[in-house]
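These notes are about the structure you will find just below.
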Amino acid sequence: MDTSRSFTKIVFIISLVIAAVAFLFSAALSRVLLPLFPLSAWKPVAFLTQQQSSTHSSSTSMATNKPPVYFFSHGGPNVQYETQHPAYAVLQNIGKEITTKVKPSAVVVFSGHWEADPNGIEVNSAEHTDLIYDFYGFPPEYYQAQYPNRGSPQLASKILDLLTKAGIKAKGVTRGLDHGVWSGFHVAFHPEKNPLNVPLVQVSLYSNQDADSHYRLGEAVASLRDEGIVIIGAGMSVHNLRDLFATRGDPRPLPYTVSFDEALKEAVESSPSERQARMRDVTKRPDARQAHPRFDHLMPVYVAAGAAGEDLGKRTWTLHEGSMGWAQYRFGDVPAS
């Protein structure tokens, strides 16, 4: 019995010693660790993680909601009449994509048919504009075509402000809508079948044919996308009227039509960090001046690429037809429907 009590006492004493040592050790350890890892830090870590996740989701959502930028190869004034041409259905589908999925608040367009000054840009500030029939030798009904459209002096003023802030000389003017816009838009945004129903403001190109100047022009207006505004460049990926007349419209593609169109695709679809330099190099290719004796119809895709920022470019369709290239481009993603 005494032996049992003695054993119990010994066990009890040993337990007390162990408990005391554990307490002292934990207290000492806490004095060392708490300054390094204060308890108050644990809760904010979880909060910051949630906050960062929320911010990331928000920025991803904002990027997703930002409308794409487009480049239309618009064709000639006959494009709206040649309903069996392969480009007709393509432009129709792009237009429907914009009106039904992107749903822009307005459209700003840069056409290869409007070049202002070598060092200056013009913006159509009028609300109501007539059409410009800037072509020759077509049937009489082509000169009676109509395309209902409405401008926005307020949006034009905003564009002028953005250009001025970017150090670009710019002024507002009253000008008609050229066929580089209304011919292709009549197909993409048919007044009865798929009306645009939002303000349309046209902005000029420079007359200097310089790739970097036009890329920076696009960058200057890129923030319009944050307001749901779609930016469209309208031109042709290959455009040689001289050879079109010389070959009498033979649809078999000329060698430079294919080579230049494919080189442009590779440059446009390159990483946004490399895109400007690679697109600049395209204009220095030996076949560049064959594909574009003047760069007026090429520069709109440079404006579009500049406006795209970090969004990737994608050629959605092309056709090599004689001395013409019909590439269509989209920069950025279409919002999920």
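The structure displayed is predicted, hence computed values, not measured ones.
Ser237 contributes a side-chain N or O that, together with a main-chain N or O of Ala327, makes up a donor-acceptor pair within less than 3.5 Å. Side-chain atoms of Tyr302 come within 3.5 Å of backbone atoms of Met279 as a donor-acceptor pair (strictly under, hydrogens ignored). For the pair Ser157 (side chain) and Pro153 (backbone), a donor-acceptor distance under 3.5 Å is absent. The closest donor-acceptor contact from the side chain of Thr257 to the backbone of Gly322 lies under 3.5 Å. The closest donor-acceptor contact from the side chain of Ser270 to the backbone of Ala267 lies under 3.5 Å.
Rounded to the nearest 0.5 Å, atoms CG (Leu160) and CD1 (Ile121) are 10.5 Å apart. Note that the OG atom of Ser207 and the CG atom of Asp117 stand 6.0 Å from one another [nearest 0.5 Å]. Atoms CD1 and CG, on Ile98 and Asn194 in that order, are 9.0 Å from each other to the nearest 0.5 Å. Between His297 atom NE2 and Leu205 atom CG the span is 10.0 Å, to the nearest 0.5 Å. The NE2 atom of His190 lies 13.0 Å from the CG atom of Leu91; values are rounded to the nearest 0.5 Å. Between the OG atom in Ser213 and the CG atom in Asn208 there is a gap of 4.5 Å [rounded to 0.5 Å].
Aromatic rings from His74 and His113 are positioned such that their centres are separated by under 6.0 Å. The aromatic ring centroids of Tyr81 and Tyr142 lie less than 6.0 Å from each other.
In this structure, Asp130 places its CG atom where only 12 or fewer heavy-atom neighbours from other residues, nucleotides or ligands lie under 6.0 Å away.
Residues Ser152 and Glu127 have side chains not in contact (no heavy-atom distance under 4.5 Å, counting atoms from C-beta outward). When side chains are defined from C-beta on, Ser204 does not count as touching Glu115, because their heavy atoms never get closer than 4.5 Å. Proximity of Arg294 to Met299: side-chain heavy atoms (C-beta onward) are nowhere separated by under 4.5 Å. In this structure the side chain of Val203 never reaches within 4.5 angstrom of the side chain of Trp114, judged on heavy atoms. At a threshold of 4.5 Å between non-hydrogen side-chain atoms, the residues Val173 and Ser125 do not count as touching. Looking at heavy atoms from C-beta onward, Val69 lies out of side-chain contact with Val230 at the 4.5 angstrom threshold.
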### Message
Using the rule given for salt bridge (charged side-chain N to carboxylate O under 4.0 Å, His left out), can you reason through Glu227 versus Lys158, listing the C-alpha separation, both sets of side-chain angles and the distance that settles it, and then say yes or no?
### Response
CA-CA 12 Å; Glu227 300 178 27; Lys158 184 175 184 62; 3.1 Å; yes
**Asked** Please walk me through it: do Phe71 and Ile231 pass side chain to side chain contact (heavy atoms under 4.5 Å, CB included)?
**Response** CA-CA 9 Å; Phe71 171 76; Ile231 298 170; over 6 Å; no
Side chain to side chain contact (heavy atoms under 4.5 Å, CB included) between Val238 and Leu298: does it pass, once the steps are laid out? CA-CA 7 Å; Val238 178; Leu298 179 62; over 6 Å; no
Worked verdict on Val201 versus Val123 for side chain to side chain contact (heavy atoms under 4.5 Å, CB included): CA-CA 8 Å; Val201 174; Val123 180; 4.0 Å; yes
- [ ] Determine, stepwise, if the pair Phe295 / Asp210 fulfils side chain to side chain contact (heavy atoms under 4.5 Å, CB included).
- [x] CA-CA 8 Å; Phe295 286 163; Asp210 179 69; over 6 Å; no
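The ring pair (Phe, Tyr, Trp, His ring centres under 6.0 Å) check on Trp182 picks up Tyr133, with sequence neighbours excluded. For the side-chain contact (heavy atoms from CB on, under 4.5 Å) test, residues two or more places apart in sequence or in another chain that qualify with Leu312 are Pro272. Checked against side-chain contact (heavy atoms from CB on, under 4.5 Å), Ala166 has the following partners two or more places apart in sequence or in another chain: Ile168, Ala220. With sequence neighbours excluded, the residues forming a ring pair (Phe, Tyr, Trp, His ring centres under 6.0 Å) with Phe135 are Phe138, Tyr143, His179, listed by chain and number. Applying the side chain to side chain donor-acceptor pair (under 3.5 Å) criterion to Asn124, with sequence neighbours excluded, gives no partner residue. With sequence neighbours excluded, the residues forming a ring pair (Phe, Tyr, Trp, His ring centres under 6.0 Å) with Phe72 are Phe185, listed by chain and number.
The pair Asp261-Lys265 does not meet the salt-bridge criterion, since no charged nitrogen lies less than 4.0 angstrom from a carboxylate oxygen. Contact check on Glu269 versus Arg275 returns no salt bridge, with no Lys/Arg side-chain nitrogen under 4.0 Å from an Asp/Glu carboxylate oxygen. Between Arg225 and Asp311, at least one side-chain N (NZ, or NE/NH1/NH2) sits under 4.0 Å from a carboxylate O, which counts as a salt bridge. Looking at Asp178 and Arg175, a side-chain N of the basic residue comes within less than 4.0 Å of a carboxylate O on the acidic one, giving a salt bridge.
Taking the six-membered ring for Trp and thresholds of 30 and 60 degrees, Trp326 and His85 have ring planes inclined between 30 and 60 degrees apart.
A donor-acceptor contact closer than 3.5 angstrom links the side chains of Asp212 and Gln276. Side-chain N/O atoms of Tyr70 and Glu97 include a donor and acceptor closer than 3.5 Å.
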